[in-house]
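Okay, so here's the structure we're looking at.
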Amino acid sequence: MNKSRNVKVNVEYLTRVEGHGNIVVNVKDGKLEDCRLDIIEPPRFFEGMLRGRSIFEAQHITSRICGICACGHSLASIQAGEDALGFVASEQTIRLRKLLLHQEILDSHILHIYLLAAPDLLGVKSFVPLIDTHNKVVRRALRMKKNCNNICDILVGRHVHPISAIVGGFTKLPKEKDLDTMLDILKSMQPDMDATIELLATLKFPDFQRPTEYVALVNDTDEYPLLSGEIGSTDGLKLNKKDYLKLTNEFMVPLSSAKHTKASRSSYMVGALARLNLNFNKLNLKAKKAADLLQFKPVCTNPYLNTVAQAIESVHCLEESITLIEHFKANGLKQEEAIVVGLNEKGTIPVRAGKGVGAVEVPRGILFHDYEIDKDGKIINANCIIPTGQNLGNVEDDMRKLVPEILDKSDEEITLMMEMLVRAYDPCISCSTHFLDVKFTNR
Amino acid sequence: MSKPKVAFFDFACCEGCQLQMANFGEVLLDILNLVDIVTFREVMSEKSEIYDIAIIEGSITTAHDTERIKNIRAKAKVVIAYGSCATIGGINGMKNKFDLEEIKKYVYRDGAKQIETLPTRAVHQVVKVDYFINCCPVYPPEILKVLKCVIAGIPYAVPDYAVCVECKLNENVCMYDKGITCLGPVTKAGCNSWCINNGNICYGCRGMVTNPAKNGQLDILARHKIPLDWITNKLDMYNKPRELDEQK
């Protein structure tokens, strides 16, 4: 290590991430003095604002926590609401929700791989210069994004803040011709997906290894768990979703302004890489082939390869979506299951006092919504724990190991390596409902 | 003629309205033939302090952001409030019905002391706004309509009649006839009754019409035996900061 090296990295308003964050690194005489990812998002108080609202409004409100993973928040919110009410959704509803979640993950991963992460790997500042140099790639990215969007338009009215997915089921169901349209769109995406994997195989990711604990939903079936399951980890942790607070407990660490989460060691990671490290064998065949092509093997301990893990999951989600729609085409959708609930004016859904937890794998990792409601279905208490908040400790642990390893590089290269590291986690800072009590820097 | 320079800025929001730009797909490339996007932090690392058109997403909720929006206003020729948080305060406005110290403590507990927050304001409640693109999220056909007006230098008038007008044209069965309350009768149209077309109710995200047919509305409520505070509580989900306009 270079003993006389001084490095100051101060990235204000990190770009190509969702929300506002700063990276601060300070090395003096070769010694790391400060190393943080600061969150500077204006606080929005979602959990506080939910109090007094009807449980039938929770999905609509919490969807607005995040524009990128609005469908993920909706699904976690609905699951927590139905859990509190004691409502059991139909098999058809569960299948439709799985389709929605697959599309959500696909859409978000495509956005991250192409528009947020790829520019670094191609040596440019955004997709805009790529319009001239890699026109086909940009068009493919926008086309794939648009395709996911079109599926969500049909399935739930729109992707950003879905309309028809609610507590109890769906307010509108796809007709037979809608199923055909969705299937056509998905099949047209297959060649684009192949090209995406081929492109990623040509890109060189930084080589950095740091084993950590990987946390994701697990189950005892053959299904790759996304919409439901128990909390599991590569260190052997196993928890019922209702005990999520045991996982997301908070503590202070030196050199950081943030309260972090830990399970079996100083920090843990959630997201695509964690899911693959726990559930790789449950991926479908095409996704496993893509993993072969990308030379990805679990357990993978390079956080930069979270982007590669996202690509492999994208293949999985596309193929699973096709399988789900083929199931609907073969078995038909029961249109009579469409429901109108509103604020439950007609008592369509029986209401009781209770508590409920939703635990869903959304694009960036495991998301928890937790509600307590009174006998009229009014929310008394709410808690939302988002994936990016859980990853924060792990990002900073990565930074602390990485910086001393790259002190021979220029300040610019170190800054870029740090930015790329944070971006690899695909952080969603707007989501920071309370961000596990991260210090909000008042500028 | 050189292309106008466009900058996107986000304040307290979910960034979903900015994402609607990426959701245009390849149409985005056509838009980029008409304007130069010089700042767009969510998807670009390039940035510029020189711009003609500032597109603002999010509400103003801190002293820092109040200064930031004033600076942007001083630099931009045209300011567009983009999405419900910017145009009417939106979801963030629900906070305004709580005591701010209380809600800070509820969410941040021990960390509450470090949190700074002001009552949620829409952009026009802080600086002059030239164009409004309402809705949560913004409705893509309306984004294009407004951008065309901006480039042509002509005003855009947000429809000031009820969502019901569009809803009827779409031949939806009225939610009130299904026994469900809906904010369509008091909410500005322009979204082509997006939510009701998909089987849900109108939540009022485009803001209230400036002259709602008050007596007509009260008749509807009386006929369906709906208490007035039920409706005002629903309106407060997006429209709470309207009270700051009324105080002026």
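- In this structure, CD in B/Glu15 is found 8.0 Å from SG in A/Cys66, a value given to the nearest 0.5 Å.
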Please walk me through it: do B/Met237 and A/Glu57 pass side-chain contact (heavy atoms from CB on, under 4.5 Å)?
CA-CA 9 Å; B/Met237 189 193 281; A/Glu57 295 174 314; 3.5 Å; yes
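- Residue with the most contacts toward chain B among A/Ile131, A/Leu111, A/Asn149, A/Leu50: A/Asn149 (heavy-atom pairs, distance under 4.5 Å).
- Here the side chains of B/Glu26 and A/Val138 are not in contact, with every heavy-atom distance at 4.5 Å or above.
- Judged as a salt bridge (Lys or Arg N to Asp or Glu O under 4.0 Å), the pairs with a partner in residues 144-158 of chain A (not counting sequence neighbours) are, in order, A/Asp107-A/Lys145.
- In this structure, the side chains of B/Ile180 and A/Leu343 stay at 4.5 Å or more apart for every pair of heavy atoms.
- Considering every non-hydrogen atom in both B/Cys14 and A/Ile65, the closest pair reads CB-O, 3.7 Å.
- With a 4.5 Å cut-off on non-hydrogen atoms, B/Ile91 touches chain A through its backbone and its side chain both.
- Counting non-hydrogen atoms of other residues, nucleotides and ligands closer than 6.0 Å to CD of B/Glu49 gives a total of 12 or fewer.
- With a 4.5 Å cut-off on non-hydrogen atoms, A/Leu116 touches chain B through its side chain but not through its backbone.
- Of the possible donor and acceptor atoms, one in the side chain of A/Thr171 sits under 3.5 Å from a partner among the backbone N and O of B/Asn198.
- Most heavy-atom pairs under 4.5 Å with chain A, from the set B/Gly25, B/Ser45, B/Gly199: that is B/Ser45.
- In this structure, the portion of A/Arg423 lying under 4.5 Å from any heavy atom of chain B is its side chain and not its backbone.
- Heavy atoms closer than 4.5 Å to chain A are found in the side chain of B/Trp230, but not in its backbone.
- For B/Ile226, no part sits under 4.5 Å from any heavy atom of chain A, backbone or side chain.
- Within the 4.5 Å cutoff, side-chain heavy atoms of A/Arg53 are placed close to those of B/Asn233.
- By the 4.5 Å heavy-atom criterion applied to side chains, B/Met94 and A/Ile61 are counted as neighbours.
- For a residue to count as touching a neighbouring chain, one of its non-hydrogen atoms must lie under 4.5 Å from one of that chain's; by this rule B/Ile103 touches chain A with backbone and side chain alike.
- Considering only heavy atoms from C-beta on, A/Val128 stays 4.5 Å or farther from B/Ile37 through its side chain.
- A/His161 has its ring centre no less than 6.0 Å from the ring centre of B/Tyr203.
- A/Pro129 is listed as a side-chain neighbour of B/Glu46, based on a closest heavy-atom distance under 4.5 Å.
- Under the 4.5 Å side-chain criterion, counting only non-hydrogen atoms from C-beta, A/Met49 is not in contact with B/Lys97.
- No close placement of the B/Phe98 and A/Phe45 rings is indicated, their centers lying 6.0 Å or farther apart.
- The closest donor-acceptor contact from the side chain of A/Arg64 to the backbone of B/Asn92 lies at 3.5 Å or more, if one exists at all.
- Of the two parts of A/Arg51, the backbone and the side chain both hold a non-hydrogen atom closer than 4.5 Å to a non-hydrogen atom of chain B.
- A/Asn344 does not touch chain B: none of its heavy atoms, backbone or side chain, sits under 4.5 Å away.
- Looking at A/Val124, neither its backbone nor its side chain comes within 4.5 Å of chain B, counting heavy atoms on both sides.
- Only the side chain of B/Tyr238 comes within contact range of chain A, judged by heavy atoms closer than 4.5 Å.
- Neither the backbone nor the side chain of B/Cys182 comes within less than 4.5 Å of any heavy atom of chain A.
- Both the backbone and the side chain of B/Lys104 come within contact range of chain A, judged by heavy atoms closer than 4.5 Å.
- Of residues 162-170 of chain A, those residues lying under 4.5 Å from chain B by any heavy-atom pair are A/Ile163, A/Ser164, A/Ile166.
- More than 12 heavy atoms of other shown residues, nucleotides or ligands fall within 6.0 angstrom of atom NZ in B/Lys178.
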Test B/Glu42 against A/Ile68 for side-chain contact (heavy atoms from CB on, under 4.5 Å), laying out the working first.
CA-CA 11 Å; B/Glu42 193 181 29; A/Ile68 294 187; 3.9 Å; yes
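- In this structure the side chain of A/Phe46 never reaches within 4.5 angstrom of the side chain of B/Lys95, judged on heavy atoms.
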